[in-house]
Q: 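Here you go, one structure.
Because the structure is predicted, anything quoted here is derived from the model rather than measured. For the single chain, residues carry numbers from 1 onward in sequence order. Counting starts at 1 for both ligands and their atoms, following the listed order.
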Amino acid sequence: MMPTITAFEASPDHGRGLARDMRVRWALEEVGQPYDVRLVSFSEMKQPAHLELHPFGQIPTYERGDLALFESGAIVLHVAQHHPGLLPDEPNARARAVNWMFAALNTVEPPIVELEQSRYMLGDYVWYGELRTVLEHRVRSRLDQLARRLGDAKWLDGAFSAGDLMMVMVLRRLEGTGICEDYPHLSAFVARGEARPAYKRAFAAQRAVAESARERGL
Ligand code: GTB
């Protein structure tokens with residue numbers, strides 16, 4: 001049975017692969033699981049039918065048979081647990097890979113999102129420069145720590161896993177800030193993720209949606 005995920009009908013990132021359906025698409029591509037995509041507009045996301053699937057009125061969601069999930073982390077974990085390829089078999093290594101997924105979502109992503117959203121919400125205030133300095137410092141502290149742990153290893157803990165997938169996606173949210181570029185090992189880590197064939201297929205699929213939206217004037 002083919003799962004169905006939801007994604008933006010017209011993503012605000014215009015196909016840069018920064019919306020959170022990208023991590024689910026990438027996970028599904030890594031394990032070779034074909035999937036359908038139901039595109040939703042901002043207003044559809046807030047309608048009862050979508051709220052039934054996602055209590056917060058967001059994307060992505062995942063449906064397969066009688067299972068419906070929201071939260072990109074839970075979806076990627078579910079995919080990784082039910083298909084070989086994204087989690088090691090050895091129990092301790094598997095737990096560590098899941099550990100890295102949580103680290104990406106709970107420790108590294110929050111300061112990055114805070115920095116990103118501060119620009120949209122507060123960027124016009126005269127004092128924004130000072131706030132940005134503080135927020136950027138928080139991001140850099142996390143990246144210092146992460147870069148120290150990664151060192152010149154290829155992936156975070158042995159073979160590529162869902163933990164790496166999630167961390168690459170989180171670091172990609174710094175695109176355009178120039179911050180990740182100051183960390184050569186982290187930039188190389190992101191580039192390695194982006195070079196994976198499964199990543200490229202997922203990226204092309206979400207880019208095609210954005211191009212179609214542009215052609216339709218959405
Ligand atoms: N914790 C949830 C998860 O991980 O699944 C968060 C889901 C989420 O934030 N979804 C966003 C959404 O549906 C899209 S991904 N927003 C609509 C709403 O809340 O009304 C976040 C996102 C959006 C846009 C960009 N961008 O343009 O670069 C990047 C990321």
Q: Under a 3.5 Å cutoff, is there a donor and acceptor pairing between the side chains of Arg23 and Ser72?
A: yes

Q: Just distances here: any N/O of Glu116 and N/O of ligand 1 closer than 3.5 Å?
A: no

Q: Quick check: does Ile59 get an N/O under 3.5 Å from an N/O on ligand 1?
A: yes

Q: When you compare the side chains of Thr4 and Tyr35, does any donor N or O come within less than 3.5 Å of an acceptor on the partner?
A: no

Q: So with a 6.0 Å cut-off around NZ of Lys154, is the heavy-atom count from everything else above 12?
A: no

Q: Starting from atom 28 (O) of ligand 1, find the nearest protein heavy-atom neighbour and note its residue, name and distance.
A: Asp13 CB, 3.3 Å

Q: Need the ligand 1 atom indices (1-based, order shown) with element for anything under 4.0 Å from a heavy-atom of Pro60.
A: 5 (O)

Q: Does ligand 1 have any atom that is closer than 4.0 Å to a heavy atom of Arg173?
A: yes

Q: Could you establish whether Gly73 and ligand 1 come within less than 4.0 Å of each other, counting only heavy atoms on the residue side?
A: no

Q: Starting from atom 24 (C) of ligand 1, locate the nearest protein heavy atom and write down its residue, its atom name and how far away it is, to 0.1 Å.
A: Pro12 CG, 3.8 Å

Q: Side-chain contact test, heavy atoms from C-beta onward, threshold under 4.5 Å: evaluate it for Val37 versus Asp21 and give yes or no.
A: no

Q: Go through ligand 1 atom by atom and flag the ones less than 4.0 Å from a non-hydrogen atom of Phe42.
A: 17 (C)

Q: Tell me whether Glu90 is salt-bridged to Arg94, with the criterion being a basic N under 4.0 Å from an acidic carboxylate O.
A: no

Q: Please write down residue, atom name and distance for the protein heavy atom closest to atom 4 (O) of ligand 1.
A: Ser72 OG, 2.7 Å

Q: Parallel, tilted or perpendicular, judged at 30° and 60°: which one describes the rings of His54 and Phe56?
A: perpendicular

Q: What residue and atom, counting heavy atoms only, is the protein's closest point to atom 19 (O) of ligand 1, and at what distance?
A: Gln58 NE2, 3.0 Å

Q: Checking a contact table here: which protein heavy atom is nearest atom 29 (C) of ligand 1, and how many Å away?
A: Leu18 O, 3.6 Å

Q: Under a plain distance cut-off of 3.5 Å, with no hydrogens placed, do Gln145 and Arg148 share a side-chain donor-acceptor pair?
A: no

Q: Which residue from Met169, Arg16, Glu71, Lys46 reaches closest to atom 20 (O) of ligand 1 through any of its heavy atoms?
A: Lys46

Q: Taking Glu71 for the side chain and Ala74 for the main chain, is one N or O donor matched with an acceptor at less than 3.5 Å?
A: no

Q: Provide, to 0.1 Å, the distance between atom 15 (S) of ligand 1 and the closest protein heavy atom, together with that atom's residue and name.
A: Arg20 N, 3.4 Å

Q: Say you draw a straight line from CE of Met101 to CG of Leu86; how long is it, rounded to the nearest 0.5 Å?
A: 8.5 Å

Q: Could you tell me whether ligand 1 has any atom less than 4.0 Å away from a heavy atom of Phe8?
A: yes

Q: Tell me whether His54 has any N or O atom under 3.5 angstrom from an N or O of ligand 1.
A: no

Q: Mind checking whether Glu9 and Phe42 have side chains closer than 4.5 Å, heavy atoms only?
A: no

